[in-house]
Protein chains: 2
Amino acid sequence: MTPRQPVDSGSTPIWARPEPPARRTPHPLSRELIVGAALELADADGLEGVSIRRVAAALEVGPMRLYGYVDTKDELLDLMADAVYAEIVPPAAHLSPDWRAGLRLIAGLTRRAALRHEWFPELLGGRPHLGPHALTALEARLSVLSTVPNLTGRPAALRRAAAAFHAYLVGALRTELAERQADRVEGRSEEQWRDAMSPYLRQVLDEGRHPHLAELVVEGEHPTPGAEFEAGLEIVLDGIAAQVS
Amino acid sequence: MTPRQPVDSGSTPIWARPEPPARRTPHPLSRELIVGAALELADADGLEGVSIRRVAAALEVGPMRLYGYVDTKDELLDLMADAVYAEIVPPAAHLSPDWRAGLRLIAGLTRRAALRHEWFPELLGGRPHLGPHALTALEARLSVLSTVPNLTGRPAALRRAAAAFHAYLVGALRTELAERQADRVEGRSEEQWRDAMSPYLRQVLDEGRHPHLAELVVEGEHPTPGAEFEAGLEIVLDGIAAQVS
DNA sequence: GTATCGCTCGATACACTGTATCGACAGAGT
DNA sequence: ACTCTGTCGATACAGTGTATCGAGCGATAC
């Protein structure tokens with residue numbers, strides 16, 4: 001009797017599943033509303049602050065209500081990630097013919113989005129992101145990269161460059177944001193790093209078995225995370241430029 | 001893990017905390033035993049299969065018993081990650097004077113470890129890894145990179161190169177393993193990718209708004225993940241080599 | 001040899017989590 | 001006016017991490 005939800009809904013991604021029709025209830029819902037509430041929670045308390053129950057509570061609705069719009073919590077996270085990707089799509093008008101500038105723009109947009117939504121890098125590189133905005137962002141990366149002299153008309157090389165570029169973004173942002181959060185938890189401020197260095201680390205370095213690491217920690221200027229990110233980006237850009245054959 | 005409040009800031013990290021003395025009980029315990037059991041669970045069922053209760057059960061011990069050896073589940077995950085780092089430290093004897101070969105070796109070891117422990121990339125780039133083996137692996141990376149002509153004696157440039165190299169590893173492995181797991185869940189085999197491409201993706205591409213992406217999907221040969229990883233690595237190595245000034 | 005102390009163990013409890021189930025209810029169709 | 005059908009959400013289940021605290025035991029003191 002109960003109309004079974006088509007069991008293959010597990011194989012149909014949420015992006016291909018229509019949202020239930022709007023209904024006039026004391027608290028109307030939509031995927032957009034749900035994702036909006038989830039984003040707010042995540043921005044405030046991190047990903048751990050997002051639970052089906054809390055999102056529902058923020059919308060003044062029973063928890064089970066959400067499952068009409070989303071099959072699973074992971075799908076909600078997918079929607080949240082895609083919402084961030086929407087902030088990353090570069091305005092086409094500003095794409096200069098200079099591919100390095102184009103990639104710098106994309107990388108900068110991605111990093112800014114990650115700083116606005118510190119939980120985003122935790123999702124980056126997790127389950128594949130195939131939402132509409134993620135695909136548009138991917139297309140933008142490919143579009144810029146396809147103008148690199150050595151890559152035009154060489155799809156395989158293009159794919160490799162795009163993968164490497166994206167891998168750098170994922171790894172760099174994930175690492176930076178995780179460190180930022182760890183520092184915040186331990187109450188370290190950016191400038192006091194060496195003074196506040198944990199006694200443990202100092203002890204390990206004093207043992208003298210990590211000479212290169214010790215030199216790095218001792219050595220004077222610690223650049224800002226932003227500068228570090230951009231410096232690494234230049235390395236990747238140089239590597240892409242160097243791809244010949 | 002739910003009550004995230006008492007983060008206990010400033011307390012000594014687990015690496016600096018001695019383990020409680022061994023005790024003769026029906027089921028003697030040690031961090032090594034605990035981590036071993038946790039690794040087995042994670043290798044079998046993924047990170048989601050690791051819970052304090054399950055680890056304890058595998059050791060035929062009450063759950064709370066573990067909290068004498070570990071303050072928090074996150075600390076257990078730290079220990080697990082460090083155990084994997086132990087597999088990554090390159091045998092010093094095999095480090096050739098060729099820095100590119102050295103970095104290829106390290107990258108290969110890291111990838112092999114990630115394939116052995118598919119959950120490892122999920123931890124990579126999460127909370128900072130400061131365990132003894134992680135530090136040794138970091139020192140190895142720095143040691144190899146310090147032999148790059150342009151980097152010797154330039155700590156700041158060395159740091160940037162090391163960060164970029166590691167960011168690539170984190171991003172590439174995380175992405176590759178996540179895709180591998182998603183494919184496994186959906187029962188896709190590697191060769192049938194295009195045929196089994198989800199109708200959703202095909203439909204999006206057919207709309208024609210992602211020409212570059214469409215070309216990549218259509219274009220013939222999909223290289224193995226390993227080849228893709230190595231190709232991206234070459235890009236990063238080229239970028240490091242190109243760092244002058 | 002006995003008494004005491006201190007410490008470890010783990011059962012129980014608490015506050016959560018994601019989600020399956022299913023009775024009750026409301027809106028549409030006849 | 002009366003079905004019928006589909007949505008809603010209270011309740012329930014099986015799990016999670018971990019705080020608490022009484023019981024019991026090993027080592028020490030007398």
Side-chain angles (χ1 to χ4, degrees), chain A residues 1-7 9-10 14 17-31 33-34 37-38 41-42 45-80 119 127 185, chain B residues 1-8 11 14 17-31 33-34 37-38 41-42 45-80 119 126-127:
Chain A
M1 278 316 129
T2 332
R4 249 347 116 142
Q5 192 75 357
V7 181
S9 74
I14 191 169
R17 246 165 35 226
E19 165 161 35
R23 223 152 261 280
R24 300 191 291 103
T25 73
H27 296 283
L29 271 190
S30 68
R31 279 182 189 159
L33 279 171
I34 294 174
L41 280 173
D45 306 326
L47 264 198
E48 314 252 319
V50 177
S51 81
I52 295 283
R53 285 168 156 88
R54 268 201 279 258
V55 173
L59 296 163
E60 300 183 90
V61 140
M64 285 298 123
R65 185 85 185 279
L66 303 192
Y67 284 98
Y69 299 81
V70 139
D71 269 5
T72 232
K73 188 193 179 183
D74 280 348
E75 279 191 351
L76 173 57
L77 296 180
D78 287 347
L79 291 176
M80 293 169 64
W119 45 270
R127 54 206 324 253
V185 159
Chain B
M1 196 126 53
T2 315
R4 177 142 298 287
Q5 203 49 352
V7 185
D8 202 342
S11 83
I14 191 169
R17 243 163 37 224
E19 170 161 31
R23 223 153 260 281
R24 298 191 294 102
T25 74
H27 295 283
L29 233 48
S30 69
R31 279 182 190 158
L33 278 172
I34 293 175
L41 280 174
D45 307 326
L47 265 197
E48 315 250 318
V50 178
S51 79
I52 294 285
R53 285 167 157 88
R54 268 202 278 259
V55 173
L59 296 164
E60 300 183 87
V61 140
M64 294 320 278
R65 185 86 183 279
L66 304 193
Y67 284 99
Y69 299 81
V70 139
D71 268 5
T72 233
K73 189 195 177 182
D74 280 347
E75 279 191 351
L76 173 57
L77 296 180
D78 288 346
L79 291 175
M80 293 169 64
W119 45 270
R127 56 208 321 254

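Reckoned from all heavy atoms, side chains included, excluding hydrogens, waters and symmetry mates. Only a predicted model underlies this, so the values are computations on that prediction, with no experimental measurement involved. By convention in this document, chain letters (A, B, ...) are assigned in the order of the sequence lines, proteins followed by strands, and residues within each chain are numbered from 1.
In this entry the distance linking CZ of A:Arg54 with C1' of C:dT17 reads 10 Å, nearest Å. In this entry the distance linking CD of B:Glu48 with P of C:dG18 reads 12 Å, nearest Å. If you measure from atom CD of B:Glu60 to atom C1' of C:dC9, you get 16 Å, rounded to the nearest angstrom. For the pair B:Ile52 CD1 and D:dG15 P, the interatomic distance rounds to 17 Å; values are reported in whole Å. In this structure, A:Tyr67 places its OH atom 18 Å from P of D:dA12, rounding to the nearest Å. In this structure, the NZ atom of A:Lys73 is 15 Å from the P atom of C:dC16, given to the nearest Å. Between the P atom of C:dT17 and the CG atom of A:Asp74 lies a distance of 16 Å, rounded to the nearest Å. Atom pair A:Leu59:CG and D:dG9:C1' shows a separation of 15 Å (rounding to whole Å applied).
Rounding to the nearest 0.5 Å places CD1 of A:Ile34 at 8.5 Å from CZ of A:Arg65. In this structure, CG in A:Leu66 is found 6.5 Å from CG in A:Leu29, a value given to the nearest 0.5 Å.
Residue B:Arg65 places no side-chain N or O under 4.0 Å from the OP1 or OP2 atom of C:dA11. Distances shorter than 4.0 Å separate none of the side-chain N or O atoms of B:Ser51 from OP1 or OP2 on D:dG15.
Side-chain to base pairing of B:Arg53 with D:dG15: no donor and acceptor N or O lie closer than 3.5 Å to each other.
The pair B:Arg17-B:Asp71 counts as a salt bridge, with a side-chain nitrogen and a carboxylate oxygen less than 4.0 angstrom apart.
Of the possible polar contacts, one joining the B:Arg54 side chain to the B:Gly49 backbone as a donor-acceptor pair under 3.5 Å is found.
Of the candidates C:dT12, D:dT16, D:dT11, D:dT11 carries the atom nearest the A:Met64 side chain, counting heavy atoms from C-beta on.
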